[in-house]
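Keep in mind it's a predicted model, so treat the numbers as computed, not measured. Counting convention: from 1, in listed order, for ligands and their atoms alike.
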Amino acid sequence: MTELIEQPPLTLAAEARAALGKRNLVLIGLMGAGKSAIGRMSAQALGIPFVDSDHEIERVSRMSIPDLFATYGEAEFRALETRVIKRLLRSGPRVVSTGGGAYINENTRRHIKRGGLTVWLKADLDVLWERVSKRDTRPLLKTENPRQTLENLMNARYPIYAEAEVTVISRDVRKETMVDEVLAAIAATRKI
Ligand SMILES: Nc1ncnc2c1ncn2[C@@H]1O[C@H](COP(=O)(O)OP(=O)(O)OP(=O)(O)O)[C@@H](O)[C@H]1O
Ligand SMILES: O=C(O)C1=C[C@@H](O)[C@@H](O)[C@H](O)C1
Ligand SMILES: [Mg+2]
């Protein structure tokens, strides 16, 4: 007689991990969307390494991002960002949190699309502004009207971020809630 052994249900993290397989999880979105914070916590839940492209760029260049922009300009920064992200994607699975402009660069976007499952953390202007206005370290927001600049970036970038496989609305809820929503969205990609 064969005995039917019931399997316990998989946890959300285990379901998401299974759906991810060997792919990287790549977080994209505007400054302040929570890519670094939610990315780190998601990696912990999934039991895979976490890397942040902005931090990695600062590590390899031994310069801060504002200094890189000031010394070499945005075009050079983007070229370095492409190279760093291409390398970070090489050994998955990992969670790779990207800088806000990474996915907007055509070259970088091509590598990201090849290298992982992309999740867009989409937030509205008030949420982003509330978060980014606390620190003035973002070179692109050093303008006369940084809130308007942020809105302009939203208008220009949101149609491109929308190419991500998965979108999760980033808002003022507990970070743990955001992580659960990211994991649920990843798990759901296997059920479609
Ligand atoms: N759900 C949340 N609730 C409250 N605060 C949050 C939430 N998610 C992120 N934050 C906070 O908002 C700030 C910006 O988040 P974070 O640095 O992760 O954004 P980011 O998308 O990585 O931005 P950047 O592109 O500038 O690196 C941080 O102080 C972070 O702790
Ligand atoms: O939105 C952007 O273009 C940027 C976001 C940050 O993460 C940094 O990568 C840099 O400040 C540029
Ligand atoms: Mg970040």
(request) If you have a sec, work out which protein heavy atom is nearest atom 31 (O) of ligand 1 and how many Å separate them, to one decimal? (result)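 Going by distance alone, atom 31 (O) of ligand 1 is nearest to Lys175 NZ, 2.8 Å.
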(message) What protein heavy atom lies closest to atom 15 (O) of ligand 1? Include the residue and the distance to one decimal.
(response)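 Heavy-atom neighbour on the protein nearest atom 15 (O) of ligand 1: Gly34 CA, 3.8 Å.
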[X] near ligand 1, heavy-atom distance under 4.0 Å?
{"X": "Gly32", "answer": "yes"}
{"X": "Leu121", "answer": "no"}
{"X": "Lys134", "answer": "no"}
{"X": "Ser97", "answer": "no"}

(message) Checking the side chain of Glu58 only, and the main-chain atoms of Ile65 only, is there a donor and an acceptor separated by less than 3.5 Å?
(response)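 Such a contact is found between Glu58 side chain and Ile65 backbone.
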(request) Would you check if the side chain of Arg174 reaches a backbone N or O of Met178 as a donor-acceptor pair within less than 3.5 Å? (result)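 Looks like no, no N/O pair under 3.5 Å.
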(message) the Mg ion (ligand 3) and Ser36: any N/O/S contact shorter than 2.8 Å?
(response)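 Ser36 does place an N, O or S atom closer than 2.8 Å to the Mg ion (ligand 3).
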(message) Let me confirm one number: the CD-CG distance from Glu165 to Leu25, rounded to the nearest 0.5 Å.
(response)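 Answer for the CD-CG pair, Glu165 versus Leu25, is 10.0 Å.
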N/O of [X] under 3.5 Å from N/O of ligand 1, yes or no?
{"X": "Ala37", "value": "yes"}
{"X": "Ile38", "value": "no"}
{"X": "Ser36", "value": "yes"}
{"X": "Arg174", "value": "no"}
{"X": "Gly99", "value": "no"}

(message) Using the rule that Ile, Leu, Val, Met, Phe, Trp and Tyr join whenever any side-chain heavy atoms are under 4.5 Å apart, tell me whether Val166 and Val173 fall into a single cluster.
(response)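 Yes, because Val166 and Val173 connect within a single hydrophobic cluster, where side-chain heavy atoms sit under 4.5 Å apart.
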(message) Angle between ring planes, Trp120 versus Tyr161, binned at 30° and 60°: parallel, tilted or perpendicular?
(response)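 Plane angle between 30° and 60°, so tilted.
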(request) List the atom of Ser53, the atom of Gly99, and the distance in Å for their closest heavy-atom pair. (result)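 Ser53 and Gly99 have their closest heavy atoms at OG-N, 3.1 Å.
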For [X], does the [atom1] atom have more than 12 heavy-atom neighbours from other residues, nucleotides or ligands under 6.0 Å away?
{"X": "Tyr72", "atom1": "OH", "value": "no"}
{"X": "Gln44", "atom1": "CD", "value": "no"}
{"X": "Lys113", "atom1": "NZ", "value": "yes"}

Dump all N/O pairs between ligand 2 and the protein below 3.5 Å as a table: atom names plus distance, one pair per row.
{"from": "ligand 2", "atom 1": "1 (O)", "to": "Gly101", "atom 2": "N", "distance (Å)": "3.4"}
{"from": "ligand 2", "atom 1": "1 (O)", "to": "Arg157", "atom 2": "NH1", "distance (Å)": "2.7"}
{"from": "ligand 2", "atom 1": "3 (O)", "to": "Arg78", "atom 2": "NH2", "distance (Å)": "2.6"}
{"from": "ligand 2", "atom 1": "3 (O)", "to": "Gly101", "atom 2": "N", "distance (Å)": "3.3"}
{"from": "ligand 2", "atom 1": "3 (O)", "to": "Arg157", "atom 2": "NH2", "distance (Å)": "2.8"}
{"from": "ligand 2", "atom 1": "7 (O)", "to": "Asp54", "atom 2": "OD2", "distance (Å)": "2.6"}
{"from": "ligand 2", "atom 1": "7 (O)", "to": "Gly100", "atom 2": "N", "distance (Å)": "3.1"}
{"from": "ligand 2", "atom 1": "9 (O)", "to": "Asp54", "atom 2": "OD1", "distance (Å)": "2.7"}
{"from": "ligand 2", "atom 1": "9 (O)", "to": "Asp54", "atom 2": "OD2", "distance (Å)": "3.4"}

Side chains of [X] and [Y], heavy atoms from C-beta outward: is any pair under 4.5 Å?
{"X": "Lys35", "Y": "Thr98", "answer": "yes"}
{"X": "Val168", "Y": "Ile38", "answer": "no"}
{"X": "Asp52", "Y": "Arg40", "answer": "no"}

(request) Please work out which of Lys35, His55, Met41, Glu130 has its closest non-hydrogen atom nearest to atom 24 (P) of ligand 1. (result)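 The option holding the nearest heavy atom is Lys35.
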(request) Could you name the option among Arg171, Arg131, Met178 that has the heavy atom nearest to atom 8 (N) of ligand 1? (result)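 That would be Arg131.
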(request) Could you tell me whether atom 28 (C) of ligand 1 has at least one protein heavy atom nearer than 4.0 Å? (result)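 No; the ligand atom in question lacks any protein heavy-atom contact below 4.0 Å.
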(request) Ignoring hydrogens and angles, state whether a donor on the side chain of Gln148 or Asn152 is under 3.5 Å from an acceptor on the partner side chain. (result)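 Side chains of Gln148 and Asn152: pair found under 3.5 Å.
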